[in-house]
Each structure stands twice: as C-alpha cells, then as structure tokens.
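Shown next, in structure tokens, is the structure this report addresses.
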2 protein chains.
Amino acid sequence: MTDERTWSIAELADEFGVTLRTIRFYEEQGLLTPARNGTRRIFADGDRVRLGLVLRGKRLGFPLEEIKKIIGMYDAEPGEVGQLRYLVDQIEHRRAELEQRRRDIDATLSDLAELERRCRADLDRLTG
Amino acid sequence: MTDERTWSIAELADEFGVTLRTIRFYEEQGLLTPARNGTRRIFADGDRVRLGLVLRGKRLGFPLEEIKKIIGMYDAEPGEVGQLRYLVDQIEHRRAELEQRRRDIDATLSDLAELERRCRADLDRLTG
DNA sequence: ACTTACGTTAACGTAAACGTCAAGTAGCGG
DNA sequence: CCGCTACTTGACGTTTACGTTAACGTAAGT
C-alpha cells in the first residue's frame, strides 16, 4: 500500500532545510500543489518528492522556471505521439545541457586539483 | 614569447557571446581589470582567460561573488604558510561542492534516461 | 565638414527568489 | 475565556546580474 503519511509545511521545511516562505513561494509558482485541510497545506509523499527535485535543480543552479519544465516532464501524461516525440526531444536537450555542465565541473575540478598540488608543493617547501 | 595580442571590448563580447554591458559590469565588480588606452579598455590574454573562467562559473550557476573568490584563488600569491593552508582548505570546500553537483547531475541524468526509456516504449507501442 | 563606427560614464529599470513584517485565523491546554 | 502555537494571506523590501536609454568623446572614411 502507498505511504499514507502526510506532512505539515513546517515539517517539510525543517526536513529539507528551507523556510516556510520558500515552500509557499514554490507553490505560488506552481512547483508544488499540496492538498488543503481548510486553509492548511497538507503535503503527501509525492509533494515531498517534488520538493526534493526542486532543491536538486537548485543545487544545479537552474532557475525555478527551468526546474518547473523539467519536473513537468516527469509527470506528463503519455498522451499522443506528437507530444511524446516532443518530450523525447526535450529530454535530449536537457541531457546535452547537463553533460555540458559536467564537463565544466570536471574542468574546474581539474583546475582546482592543479592549484592544490602547487599549494602543497609550496607548503612542503616552506615547512620542510 | 607571450602572446602579445590584445582585444577590444567588442571583440571579446563577440567571441564569448556576451554584451558590452556584461563585460563592463564584470570589471565594475572586480572580476576583470583590463588595461586602458585613454578611456578605452584594452584586454590582454590574461583578461580573456579570466572572462572564460567567469563564464564557466556562470554556467555552473555560481553567483558572481563566489566566482570572484574562486578566481581569486588562482592568482593568489604564495604568501605565508597560514594563507596557503587557508587556500588549501578553500579548495577542498569548493571541491566538495562541485562533487555534490556532479552527483546531482548524475542522478538527474539517470532520471532522464529512465524517462526517455518509458517514452520510447510508449512510442513503440503507439506507432507499432 | 559630415557621417559612421566604436567607445565612454551615469543612472534608472527589471526579473528572480525569496526575506520580512503585518494582520488575521484555527485549535488546544489550562 | 485566555493565551500559546502553528498556520494563513497580503504586501512591500532586497539582492543579483545585468538591460536600457541618455548624453557624450574620438577616430576613420568620404
């Protein structure tokens, strides 16, 4: 059976290390769509997962608008053939983008490694 | 001999696909420090490299302030032992950050691959 | 001398992603 | 009923990273 547990806004904020304002803002932007009990927001497991995806996107430096599109791809209905082709196309696009990022990261890591090597050499020289 | 070629602001902007305003802004923020001929900016090879580093940092989603610190590490003087230790520390910090990013990228790529697999399966089913 | 190209500073405008009050509501223990 | 706690919706403020005029200088081509 599916996990029936739910969370309050404060619980989620606490768990993910964000503020209440942030979560409300994400809902306002259509990134989250929690249920309601009266006016109170009720977060189900799916909402939790989505928040995780949003924050992962943020760590990657994507703007929220981009993140929204990416997450949107996850829960798109199969729909018709044209939509599916379009979606596959989008996926390719994102993949290329991410692979470029990984190259940038690797280049930077390589630069940092070289820098660290030089630093350690200097340290060895200075401290004997 | 070192490459003595220089560039105008427009040449650099063109080469890197940014606006003049962007380059001027980067100078204002201390990310670039081109020489001058009167009021005109003269960019040497080092300035070009720095601009490349700035833009790579941007592709990675770092704010300019962070980028400034990172680039600052590249051309820090060896200096004293304490500074070197601090620098090595900083490098470690950045490295950890970047490695987290790479994990996020790999996770996302994996998600996208799974998504694409499902899309292609749907397409196969629909188109025979 | 006039235009065109290329450059300059100064200053105001803008969009994103929240922070930060302010003012109100809803439930619960005492 | 009182006060506390957790929650709500505005609404304005803030920072970052530039865009966008405005107003001007300079040097070359015709």
Sidechain-backbone polar pair: A/Lys58 side chain, A/Leu64 backbone, donor-acceptor under 3.5 Å: no

Within less than 4.0 Å of OP1 or OP2 of C/dC18, is there a side-chain N or O belonging to A/Lys58? yes

Test your reading of the model: is there a side-chain donor-acceptor pair from A/Arg5 to the backbone of A/Ala44, 3.5 Å cut-off? no

Is a side-chain donor or acceptor of B/Glu11 paired with a backbone partner of B/Ser8 at a separation under 3.5 angstrom? yes

Value rounded to 0.5 Å, distance of CD1 in A/Ile91 from CG in B/Leu115: 4.0 Å

B/Gln29 CD - D/dT15 C1' separation (whole Å): 12 Å

Pairwise N/O distances under 3.5 Å, protein to nucleotides 9-12 of chain D:
from	atom 1	to	atom 2	distance (Å)
D/dT9	OP1	A/Arg36	NH1	3.0
D/dT9	OP1	A/Arg36	NH2	3.3
D/dT9	OP2	A/Arg41	NH1	3.0
D/dT9	OP2	A/Arg41	NH2	2.6

Rounding to a whole Å, what distance do you find between A/Lys68:NZ and C/dA16:C1'? 14 Å

Please state how far atom CD1 in A/Ile42 lies from atom C1' in C/dG27, giving the value in whole angstrom units. 13 Å

Mind checking A/Leu20 for me? I need base, sugar-phosphate or nothing, with any heavy atom below 4.0 Å counting as a touch. nothing

Is a donor on one side and an acceptor on the other found under 3.5 Å between the side chain of A/Arg50 and the backbone of A/Leu31? yes

Between P on C/dA17 and CG on A/Leu64, what's the gap in Å once rounded to a whole number? 4 Å

Distance check needed: D/dC18 P versus B/Glu28 CD, whole Å only. 12 Å

Earlier contact from the 5' end, DNA chain C, for B/Glu11 and A/Tyr26: B/Glu11

B/Thr108 versus A/Arg56, side-chain donor and acceptor atoms under 3.5 Å: yes

Rounded to the nearest angstrom, tell me the gap between atom CZ in B/Phe25 and atom P in C/dA15. 17 Å

Is the shortest side-chain N/O distance from B/Ser8 to OP1 or OP2 of C/dC6 below 4.0 Å? no

Looking at CD1 of A/Ile9 and CD of A/Glu27, how far apart are the two atoms once the value is rounded to the nearest 0.5 Å? 7.5 Å

Rounded distance (Å) that lies between atom P of C/dA17 and atom CD of A/Glu65: 8 Å

Give the rounded distance in Å between these two atoms: CD1 of A/Ile67 and C1' of C/dC18. 13 Å

Do the side-chain N or O atoms of A/Thr22 get closer than 4.0 angstrom to the phosphate oxygens (OP1, OP2) of C/dG19? yes

